[in-house]
Trainee: 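The structure under discussion is supplied below as structure tokens; questions concerning it will follow.
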Protein chains: 2
Amino acid sequence: MNFENDESASPAQAAAERAYEHVKGAIIRGELAGGESVSENALRRELDLSRTPMHEAFLRLAAEGLLSLEHRRGAVVRPMPPHEARDVLEMREAIESAAAARVIADGAAGDLASALESLLEEQSRAIEAEDVPVFIDADSRFHSAVIEGSGNTVAVMFTATLRDRQQRLRHQLMRVRPEQLQASLEHHRELARALAEGDATAYARTLHEHVASHRGAL
Amino acid sequence: MNFENDESASPAQAAAERAYEHVKGAIIRGELAGGESVSENALRRELDLSRTPMHEAFLRLAAEGLLSLEHRRGAVVRPMPPHEARDVLEMREAIESAAAARVIADGAAGDLASALESLLEEQSRAIEAEDVPVFIDADSRFHSAVIEGSGNTVAVMFTATLRDRQQRLRHQLMRVRPEQLQASLEHHRELARALAEGDATAYARTLHEHVASHRGAL
DNA sequence: GCCTAGAGGCTTGCATGCAAGCTTGCACGC
DNA sequence: GCGTGCAAGCTTGCATGCAAGCCTCTAGGC
């Protein structure tokens, strides 16, 4: 059964990638809950593909710490440890502070300014439209922009992992309160200002508050 | 991972794992140089296993950024970008500083003290014996101990990746000068002292110098 | 001599057969 | 009624066949 996907974007790497995204999404959205045991075979049928790509997806997810594979006994969705939120936020803060310091040290803050400005704009519009998902997406891209701007590829890699984890947290624990968005936007404005002024310490201090307010949302 | 079977008869979970360790080691040691193209087929014969476990190993290595897979064209060992050393050291510093701050905040420094003390001891003996590999190993375990002591599982995960990268750097770029070991040990002593005194700022400052001296070794 | 087209050999991605371990549940002996 | 042992069904791990894309090299036309 070899299906040519008439539509789906890349026939190139479709099967394994689709399996991966599908299962990861289900875990992140909480449709597959922590502690639940899942089998390659069951999931492979949903997506109508063979065991191989699903197996590869499971391996990737295990490497990222979202699944835990038990030898010939099946796979279990790794429950979030009680300190997951703190762990993730701490790492975000540490990595982004370092990235910001590097952006400033390299004198690359100017190149970022206009991109950050338009993201602030976007967030501002999202608040007016009361569109939380759009706001969160722009929020995430704001932080990513700073990290990518540092040119530190390792930081970029780590951030991708952290983003998945944080999304999972958001789905399972965090309640985003609308009145919080405005405060968040103010933080972002301060972050952009600190970058523009080359003040790494101020960046770190504001980021610390910013992240702390996320922690408060648990 | 599973060392109970010392005999080749039934390598419980060996094949895929062995393939992974073998290739990763070759990349880290520089036996497979950056830019070199490698094929699953060629390597699978060296280890006398089939394509599947080697394929899985390639996928893992690609996920970690050590290989770059090109669709139906083969795999290439990812060359280290020029800023690799800076990127890795920056992340090490950021993550370990955060971990130390958390150890202090949690009042867990006392639990670490004796383990760190014995590692300092070990390093001291390694200097007298002029045994650089042992020194480096103890060095690495010193930093790992602090990070594991923080209880931040994400930091532990990231650190494993960074350790591989740094080993690769060491093999390809760094020259460890023996006279540097003593200075390194002094740094470690200061780090342990800062932890014991609960001074996160001093820890971060010393770590910064420590890492900077590594950077100087390029 | 040069350019182009095509065939063959390489590569990986996926499907599937087979092996082996773990769990469960039933049947049989006591 | 209770305990033990075996068998069947699940699970994954590995081997291998097949498909399909890409590169190279050669042969033929100009």
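These numbers come from the heavy atoms of this one structure, side chains and all, not from hydrogens, waters or symmetry mates. Reminder, nothing fancy here: chain letters follow the sequence lines and each chain counts from 1.
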Trainee: Round to the nearest Å and state the distance from B:Leu59 atom CG to C:dC14 atom C1'.
Mentor: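 Answer to the nearest Å: 12 Å.
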Trainee: Got a donor-acceptor pair under 3.5 Å from the side chain of B:Ser39 to the base of C:dT12?
Mentor: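 It does not, because no donor-acceptor pair links the side chain of B:Ser39 to the base of C:dT12 below 3.5 Å.
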Trainee: Heavy atoms under 4.0 Å, any strand shown: does B:Glu70 hit a base, just sugar-phosphate, or nothing?
Mentor: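 Result for B:Glu70 = nothing.
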Trainee: Checking contacts here: which listed nucleotide (D:dT12, C:dC14, D:dA20) is nearest the side-chain heavy atoms of B:Arg72?
Mentor: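 Among D:dT12, C:dC14, D:dA20, the one nearest the side chain of B:Arg72 is D:dA20.
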Trainee: In whole angstroms, how far is the C1' atom of C:dC10 from the CG atom of B:Leu43?
Mentor: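 So the CG-C1' distance, B:Leu43 to C:dC10, works out to 16 Å.
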Trainee: Within less than 4.0 Å of OP1 or OP2 of C:dG13, is there a side-chain N or O belonging to B:His55?
Mentor: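 Answer yes for this pair, as a side-chain N or O of B:His55 is under 4.0 Å from OP1 or OP2.
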Trainee: Taking atom C1' of C:dC10 as reference, at what distance in whole Å does atom NE2 of B:His71 sit?
Mentor: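 So the NE2-C1' distance, B:His71 to C:dC10, works out to 15 Å.
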Trainee: Quick check: do B:Leu191 and B:His143 have side-chain heavy atoms less than 4.5 Å from each other?
Mentor: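 Sidechains of B:His143 and B:Leu191: in contact.
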Trainee: Whole-Å distance between D:dA15 C1' and B:Asp48 CG?
Mentor: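 The distance from CG of B:Asp48 to C1' of D:dA15 comes to 12 Å, rounded to the nearest Å.
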Trainee: Return whichever of A:Arg73 or B:Gly74 has its heavy-atom-nearest nucleotide of DNA chain C closer to the 5' end.
Mentor: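 Its nearest nucleotide lies further toward 5', so the answer is B:Gly74.
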Trainee: Rounding to a whole Å, what distance do you find between A:Met54:CE and D:dC14:P?
Mentor: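 Answer to the nearest Å: 19 Å.
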Trainee: How close or far is atom P of D:dC14 from atom CG of B:Leu47, stated in whole angstroms?
Mentor: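 Going from CG in B:Leu47 over to P in D:dC14 covers 13 Å.
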Trainee: Between D:dT12 atom P and B:Glu56 atom CD, what is the distance in whole Å?
Mentor: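 One finds 13 Å between P of D:dT12 and CD of B:Glu56, rounded.
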Trainee: Under 3.5 Å, is there a donor on one side chain and an acceptor on the other for A:Ser144 and A:Arg163?
Mentor: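 There is such a pair between these side chains.
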Trainee: For the side chain of B:Ser124 and the backbone of B:Leu120, is there at least one donor-acceptor N/O pair under 3.5 Å apart?
Mentor: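 Flag not set: sc B:Ser124 to bb B:Leu120 has no pair under 3.5 Å.
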Trainee: Among the candidates D:dC14, C:dC14, C:dA15, find the nucleotide nearest to the side-chain atoms of A:Thr52.
Mentor: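 Nearest nucleotide to the side chain: C:dA15.
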Trainee: Can you tell which of D:dT12, D:dA15, C:dC14 lies closest to the side chain of A:Ser50?
Mentor: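 My answer, after comparing the listed nucleotides, is C:dC14.
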Trainee: Going by atom types only, do A:Glu96 and A:Tyr203 share a side-chain donor-acceptor pair under 3.5 Å?
Mentor: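 Yes - a donor-acceptor pair under 3.5 Å links their side chains.
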Trainee: In whole angstrom, what separates B:Arg44's CZ from C:dT12's P?
Mentor: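 To the nearest whole Å, that distance equals 11 Å.
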Trainee: Both A:Arg51 and B:Asn41 contact DNA chain C. Taking the nearest nucleotide for each, which residue is further toward the 5' end?
Mentor: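 The answer here is B:Asn41.
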Trainee: Is it true that the side chains of B:Glu93 and B:His210 contain a donor and an acceptor less than 3.5 Å apart?
Mentor: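 The answer is no; no qualifying pair exists.
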